[in-house]
Amino acid sequence: MKTFEFIRPADAGAAITTAAQAKTAQQGAEVRYIAGGTTLLDLMKLNVETPGRLLDINRLPLDKIETTADGGLKIGATVRNSDLANHATVRRDYAVLSQAILAGASTQLRNMATTAGNLLQRTRCAYFRDTAMPCNKREPGTGCPAITGSNRTLAVLGTSEHCIATNPSDMCIAMAALEATIHVQGPKGSRAIPFGEFHLLPGNTPHRETVLEPGDLITHVTLPPPRSGSKQVYLKLRDRASYEFALASAAVVITVAGGTVTRARVALGGVGTKPWRSPEAEAALVGQVASAPSFRKAAEAAMAGAKPQTENAFKIELAKRCLTHALQMAATS
Ligand SMILES: Cc1cc2nc3c(=O)[nH]c(=O)nc-3n(C[C@H](O)[C@H](O)[C@H](O)COP(=O)(O)OP(=O)(O)OC[C@H]3O[C@@H](n4cnc5c(N)ncnc54)[C@H](O)[C@@H]3O)c2cc1C
Ligand code: SF4
């Protein structure tokens, strides 16, 4: 492994100034923030990431969960996944987020993993993590062996001829359904990024995964005020019951009045190249009777644009059943 310099910046400004010296904030960045380290250190051991400088952000004051003036929630970038999932307000008002986080990884990992680190976790595509193999995401222009190779766990939504890697996060799927906003401080100031605009589709630049630029530090995430009476469920389907990434998952936040769905927010995991919000499913649900046939129709709408790879056509039906069941669970909860 390449040697690196480990720095503990005194404040966010110092961290941003140093990180801004990198040429990119994407794959191959020479400077990286390090939070829990559960993604970054793995990739450094594999030589997939080889930063020359690591900026430890764990001492910056970004570890609070607070109520906002409008009644929403502000979640600091270095809040540990365990603390977020078990926070009383999150369990009560944003249950889908708590459920999603607790469905991921292991207790030990969640105790280290942070909010911002989770937003930026990398794909588990085996070729990406193996430097003996070509991979457009790791080394642009080298090709995508997954398209003709091992792709059982990879994406069916949002793929391109250059990359079919799945975004593996559970937390992000709940945040997409909750319409979170990501707050970033960078060399040019602060900005707020709606969740759906943060992650990028692979297109012909799969090495660019987010809109982050050199120096950009995620400071916190906000959630809008909870909708009273909304029902929330995160359902994750995987090869084994724990410590495994999703083959398909669904985050649903729905409101039902008099037996009719009046509001719906739906996002899917395990099937998309980015956390996959489904406006198609949401439109199919609103105004319909909260019943199994309309839930199935919404699931059909969500997966209408899916493109199977050689080994993962099963994910399309799996995702439909996952979403249908999640909606049923929410409606009857
Ligand atoms: C064995 C294993 C199993 C797992 N299973 C699951 C699972 O089932 N579901 C799931 O969702 N996840 C799973 N994960 C992934 C885990 O959730 C992530 O590794 C974790 O959330 C990353 O957070 P971190 O704080 O450790 O990130 P780090 O490794 O510290 O950082 C990750 C990336 O984010 C950047 N970064 C960190 N903080 C900031 C910031 N404030 N601003 C800008 N950039 C920043 C870093 O530079 C780095 O590029 C698993 C991980 C492992 C190792
Ligand atoms: S799917 Fe993406 S990450 Fe996997 S080998 Fe192809 S380019 Fe690389």
Side-chain angles (χ1 to χ4, degrees), residues 12 15-16 19 22 25-27 29 31-44 48-49 51 54-58 60 62 76-81 84 100-106 108-130 133-151 153-155 159-174 182-186 202 206-207 209-210 212-213 215-221 236 238 242-246 249 269-270 273 275 309:
I16 291 164
Q26 308 294 327
Q27 174 63 24
V31 188
R32 282 281 187 212
Y33 298 121
I34 182 160
T38 62
T39 284
L40 186 57
L41 290 182
D42 270 5
L43 294 177
M44 288 175 68
V48 172
E49 291 263 20
L54 288 187
L55 304 175
D56 179 357
I57 59 170
N58 286 291
L60 302 184
L62 302 173
T78 58
V79 169
R80 305 291 150 178
N81 285 181
L84 182 56
I101 293 171
L102 293 175
S106 62
Q108 290 88 341
L109 283 159
R110 294 191 296 267
N111 287 346
M112 287 303 294
T114 62
T115 309
N118 200 324
L119 292 171
L120 294 170
Q121 65 170 287
R122 313 293 303 278
T123 183
R124 309 307 285 196
C125 173
Y127 303 104
F128 171 71
R129 298 169 70 85
D130 181 352
M133 299 300 293
C135 167
N136 284 329
K137 187 182 277 299
R138 182 170 26 80
E139 283 183 66
T142 55
C144 175
I147 289 174
T148 51
S150 174
N151 55 41
T153 62
L154 300 187
T159 57
S160 76
E161 60 183 309
H162 302 285
C163 181
I164 57 170
T166 324
N167 181 296
S169 174
D170 292 298
M171 182 196 81
C172 286
I173 310 310
I182 297 168
H183 299 261
V184 170
Q185 207 176 319
H207 59 287
E209 294 180 345
T210 68
L212 292 183
E213 297 290 342
D216 281 347
L217 174 74
I218 298 171
T219 52
H220 60 282
V221 173
K236 177 177 179 178
R238 45 191 155 170
S242 76
Y243 203 36
E244 186 54 276
F245 292 90
S249 72
T273 51
Q309 307 300 327

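First listed ligand is number 1; within each ligand, the first listed atom is number 1.
Heavy-atom distances between Lys236 and ligand 1 reach below 4.0 Å in at least one pair. Residue-ligand proximity: Met133 is placed with every non-hydrogen atom at 4.0 Å or more from ligand 2. At least one heavy atom of Glu244 sits less than 4.0 Å from an atom of ligand 1. Taking 4.0 Å as the cut-off, Asp216 counts as a neighbour of ligand 1 on heavy-atom distance.
Of all the listed residues (Asn81, Leu109, Asn58, Leu120), Leu109 holds the heavy atom that lies closest to atom 3 (C) of ligand 1. Between atom 8 (O) of ligand 1 and the options Ala105, Ala77, Ala116, the minimum heavy-atom separation is to Ala105. Here the shortest heavy-atom distance to atom 25 (O) of ligand 1, taken over Ile218, Asp42, Thr114, belongs to Thr114. Looking at Gly37, Ala15, Ala113, Ala100 and measuring to atom 30 (O) of ligand 1, the nearest heavy atom belongs to Gly37.
In terms of protein heavy-atom proximity, atom 5 (S) of ligand 2 is nearest to Tyr127 CB, 3.4 Å. Here the protein heavy atom with the shortest distance to atom 12 (N) of ligand 1 is Gln121 NE2, 3.2 Å. Remark: minimum distance from atom 1 (S) of ligand 2 to any protein heavy atom is reached at Ile164 N, 3.3 Å. Among all protein heavy atoms, the one lying closest to atom 6 (Fe) of ligand 2 is Cys144 SG, 2.3 Å.
Interatomic distance, OH of Tyr127 versus CG of Asn151, reported as 7.5 Å (0.5 Å rounding). Rounding to the nearest 0.5 Å gives a distance of 10.0 Å between CD1 of Ile34 and CG of Leu55. Here OG1 of Thr159 is found 7.5 Å from CD1 of Ile147. Values are rounded to the nearest 0.5 Å.
Put simply, the side chain of Gln121 does not reach to within 4.5 Å of the side chain of Met171, judged on heavy atoms.
Every N/O-N/O distance between Leu212 and ligand 1 stays at or above 3.5 Å. In terms of N/O distances under 3.5 Å, ligand 1 is not approached by Glu49.
Residue contacts to atom 2 (Fe) of ligand 2: Cys163 brings an N, O or S atom closer than 2.8 Å. Backbone or side-chain N, O or S atoms of Cys125 do not reach atom 6 (Fe) of ligand 2 at under 2.8 Å.
Ligand 2 places these atoms under 4.0 Å from at least one heavy atom of Cys135: 3 (S), 5 (S), 7 (S), 8 (Fe). Using a 4.0 Å cut-off to heavy atoms of His162, the atoms of ligand 2 that qualify are 7 (S). Those atoms of ligand 2 that come under 4.0 Å of a heavy atom in Phe128, given as number and element, are 3 (S).
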Does the pair Gln26 and Thr210 meet the rule for a side-chain contact (heavy atoms from CB on, under 4.5 Å), with working shown?
-> CA-CA 8 Å; Gln26 308 294 327; Thr210 68; 3.5 Å; yes

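Nearest heavy-atom pair across Phe245 and Arg238 is O-CB, 3.3 Å. In terms of heavy atoms, Thr219 sits closest to Leu62 at O-CD2, 3.8 Å.
A donor-acceptor pair shorter than 3.5 Å cannot be found between the side chains of Gln108 and Asn111.
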